[in-house]
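Reviewing the structure listed below.
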There are 2 protein chains.
Amino acid sequence: MDAQQRKRKPPFDREEGLAKAQALFHARGYDAVSIADLTQELGINPPSLYAAYGSKAELFERAMQRHAAMNALPLAKILVPSRPPDEALTALLVAAARQYGADERLRGCMVTEGMRADDKAAREMAHAIGQAGADAIHAYVAAKAPKRARQITDYVLVTMRGLSSFACLGMTQARLVAVARLAGRALESEFTAGSRG
Amino acid sequence: MDAQQRKRKPPFDREEGLAKAQALFHARGYDAVSIADLTQELGINPPSLYAAYGSKAELFERAMQRHAAMNALPLAKILVPSRPPDEALTALLVAAARQYGADERLRGCMVTEGMRADDKAAREMAHAIGQAGADAIHAYVAAKAPKRARQITDYVLVTMRGLSSFACLGMTQARLVAVARLAGRALESEFTAGSRG
DNA sequence: GCCATTATTTAGCGATCGCTACATGTATCC
DNA sequence: GGATACATGTAGCGATCGCTAAATAATGGC
């Protein structure tokens with residue numbers, strides 16, 4: 001350590017850093033991404049990260065919010081009330097399958113997968129963010145089949161959860177979409193008047 | 001450390017220890033269970049654990065094998081060739097839903113959830129063990145609808161994966177079973193001669 | 001009795017975890 | 001210029017991770 005001076009880089013781009021963190025968390029999941037991974041990817045040191053984002057959990061939360069804002073499925077466009085509900089929900093499943101298998105590195109649903117993190121705080125953040133989407137689907141279904149809304153919503157969410165998991169496991173987009181289409185067939189007779197209760 | 005003598009307990013029961021480890025891994029998942037958790041639960045010290053089971057990953061593998069041997073779904077009894085295949089596969093989904101939601105603490109499928117562990121070795125062990133079940137289902141389906149075997153098998157596995165995840169998230173057994181039954185409806189028209197492909 | 005084997009004990013290894021104290025540098029106000 | 005605010009740098013905190021070396025106690029063969 002001779003005549004070495006400490007150099008300082010200009011302040012780093014927080015939005016760009018958040019985008020990189022989002023990609024890392026999405027690709028590997030909350031628990032498998034360390035602070036060291038993040039600081040290396042963002043090209044900064046830990047104090048800068050904490051000054052900018054507060055903590056690993058808060059950074060994860062902001063990354064999920066960014067993901068939800070930029071990559072969320074267009075529920076409002078897919079679940080239009082004028083559409084036959086079985087067709088609309090099938091379209092939702094297919095759209096999810098497409099997105100979950102679209103990017104080779106960012107597979108599955110970041111929020112949905114986050115719900116199964118080992119860290120409790122991360123889990124709860126993911127659950128809170130995911131609840132909004134679940135509520136939207138439930139509200140749509142309830143308008144079409146009030147008595148069976150919970151079961152149908154459960155089914156759609158379970159299928160999406162399975163699609164996300166298999167996407168993370170490497171299933172191709174084509175196979176995911178084929179599964180989504182087949183899954184939609186279970187809904188075909190669910191919205192006819194008085195069907196099954 | 002006065003006149004304190006080192007006392008030694010009798011050798012611990014390895015099978016009982018494996019059972020306890022199995023429960024721990026099932027309840028919390030591979031990554032979230034530490035060696036300290038295991039040694040405390042088994043009432044032993046780390047060297048005893050390593051002498052008996054080799055490593056954390058090997059212990060996990062043996063726990064999964066034990067789980068598969070004792071708690072596996074009775075595929076051979078459910079997927080009997082004489083049964084209508086849509087009915088048999090629905091029964092499989094329902095049986096899975098029942099099992100995944102049966103025990104308050106041991107929710108979901110240990111093997112299936114293990115496939116998503118952060119640790120690579122654990123993931124691969126779970127994948128290898130789970131492959132046997134997937135192959136069995138595929139073989140059954142292929143005997144009934146060779147051309148659509150992969151898609152139908154994918155659908156069944158995705159649904160089971162979703163059921164396991166939601167079981168881990170706390171969904172009641174009744175709701176899981178209802179989802180399984182609804183999921184089965186997608187299969188009703190898949191095995192009629194020449195349907196869709 | 002006596003040794004070899006086996007299983008336990010205490011104690012701690014090196015690595016990594018999330019996170020932070022403190023000093024150094026730059027920018028902004030006056 | 002000088003003071004203040006702030007973001008960066010180095011360095012390292014205490015805790016936990018999976019795992020193990022070395023010493024001690026029980027066991028079985030002879």
Side-chain angles (χ1 to χ4, degrees), chain A residues 1-18 20-21 24-25 28-64 114 117-126, chain B residues 1-18 20-21 24-25 28-64 114 117-126:
Chain A
M1 310 305 173
D2 242 333
Q4 192 163 348
Q5 297 225 5
R6 277 213 248 178
K7 292 296 175 55
R8 202 179 80 146
K9 290 187 263 179
F12 81 100
D13 186 331
R14 285 163 147 78
E15 176 59 24
E16 183 186 336
L18 181 57
K20 289 181 178 175
L24 255 185
F25 280 131
R28 294 195 228 157
Y30 180 81
D31 302 297
V33 174
S34 70
I35 296 293
D37 294 330
L38 288 164
T39 54
Q40 180 179 345
E41 179 76 16
L42 306 203
I44 59 177
N45 295 301
S48 296
L49 188 147
Y50 282 89
Y53 307 112
S55 70
K56 182 186 174 187
E58 288 176 65
L59 175 53
F60 180 62
E61 184 172 31
R62 291 176 61 168
M64 276 193 299
D118 289 332
D119 185 272
K120 187 181 177 185
R123 253 188 337 239
E124 290 175 351
M125 289 170 176
Chain B
M1 311 306 177
D2 242 333
Q4 192 165 348
Q5 297 228 4
R6 279 215 244 177
K7 290 297 176 55
R8 204 179 82 146
K9 292 189 259 177
F12 81 99
D13 186 331
R14 284 165 147 77
E15 175 58 25
E16 182 186 337
L18 181 57
K20 288 181 179 176
L24 255 185
F25 280 131
R28 293 195 227 158
Y30 180 81
D31 302 297
V33 173
S34 70
I35 297 293
D37 294 331
L38 289 163
T39 54
Q40 180 179 347
E41 180 75 16
L42 307 203
I44 60 176
N45 295 302
S48 295
L49 187 147
Y50 282 88
Y53 306 113
S55 70
K56 182 187 173 185
E58 289 177 64
L59 175 54
F60 180 62
E61 184 171 31
R62 292 176 61 168
M64 277 193 299
D118 289 331
D119 184 274
K120 188 180 176 185
R123 254 190 334 239
E124 290 174 350
M125 289 170 175

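Order of the sequence lines sets the chain letters (A, B, ...), proteins ahead of strands, with each chain counted from 1. Source: prediction; values computed, not measured.
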Taking only the side-chain heavy atoms of [X] (C-beta and beyond), determine which of [options] contains the nearest atom.
{"X": "Phe12(B)", "options": "dT8(C), dT10(D), dG18(D)", "value": "dT8(C)"}
{"X": "Pro47(B)", "options": "dT8(D), dT20(D), dG18(C)", "value": "dT20(D)"}
{"X": "Arg14(B)", "options": "dG18(C), dC19(D), dA7(C)", "value": "dA7(C)"}
{"X": "Ser55(B)", "options": "dC19(D), dC19(C), dT8(C)", "value": "dC19(D)"}
{"X": "Pro46(B)", "options": "dG18(C), dC19(D), dT8(C)", "value": "dC19(D)"}

Rounded to whole angstrom units, what separation is found between the [atom1] atom of [X] and the [atom2] atom of [N]?
{"X": "Ile35(B)", "N": "dC19(D)", "atom1": "CD1", "atom2": "P", "value": "5 Å"}
{"X": "Asp119(B)", "N": "dG18(D)", "atom1": "CG", "atom2": "P", "value": "10 Å"}
{"X": "Lys120(A)", "N": "dG18(C)", "atom1": "NZ", "atom2": "C1'", "value": "19 Å"}
{"X": "Asn45(B)", "N": "dA22(D)", "atom1": "CG", "atom2": "C1'", "value": "14 Å"}
{"X": "Leu49(A)", "N": "dG9(D)", "atom1": "CG", "atom2": "P", "value": "12 Å"}
{"X": "Tyr50(B)", "N": "dT20(D)", "atom1": "OH", "atom2": "C1'", "value": "9 Å"}
{"X": "Ile44(B)", "N": "dT9(C)", "atom1": "CD1", "atom2": "P", "value": "8 Å"}
{"X": "Leu38(A)", "N": "dG18(C)", "atom1": "CG", "atom2": "P", "value": "8 Å"}

Practice task
Answer yes or no: is there an ion pair linking Lys20(B) with Glu16(B), defined by an N-O contact shorter than 4.0 Å?
Solution key: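 Yes.
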
Exercise for the section: Inspect the contact between Lys56(A) and Asp119(A) and indicate whether a charged nitrogen and a carboxylate oxygen are less than 4.0 angstrom apart. Expected result: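 No, no charged N to carboxylate O under 4.0 Å.
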
Problem - DNA chain C: 5'-proximal contact among Ala36(A) and Gly54(A) (nearest heavy atom) - result: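 Of the two residues, Ala36(A) wins.
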
Exercise for the section: Inspect the surroundings of CD in Gln40(A) and state if more than 12 heavy atoms from other residues, nucleotides or ligands are less than 6.0 Å away. Expected result: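 Open.
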
Exercise for the section: Give one of base, sugar-phosphate or nothing for Ser48(B), where a contact means two heavy atoms less than 4.0 Å apart. Expected result: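 Base contact.
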
Problem - Student check: side-chain heavy atoms of Asp31(A) and Asp31(B) closer than 4.5 Å - result: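 A side-chain contact under 4.5 Å is absent here.
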
Practice task
Applying side chain to side chain contact (heavy atoms under 4.5 Å, CB included), run through Asp37(B) and Arg28(B) and close with a yes or a no.
Solution key: CA-CA 11 Å; Asp37(B) 294 331; Arg28(B) 293 195 227 158; 3.1 Å; yes

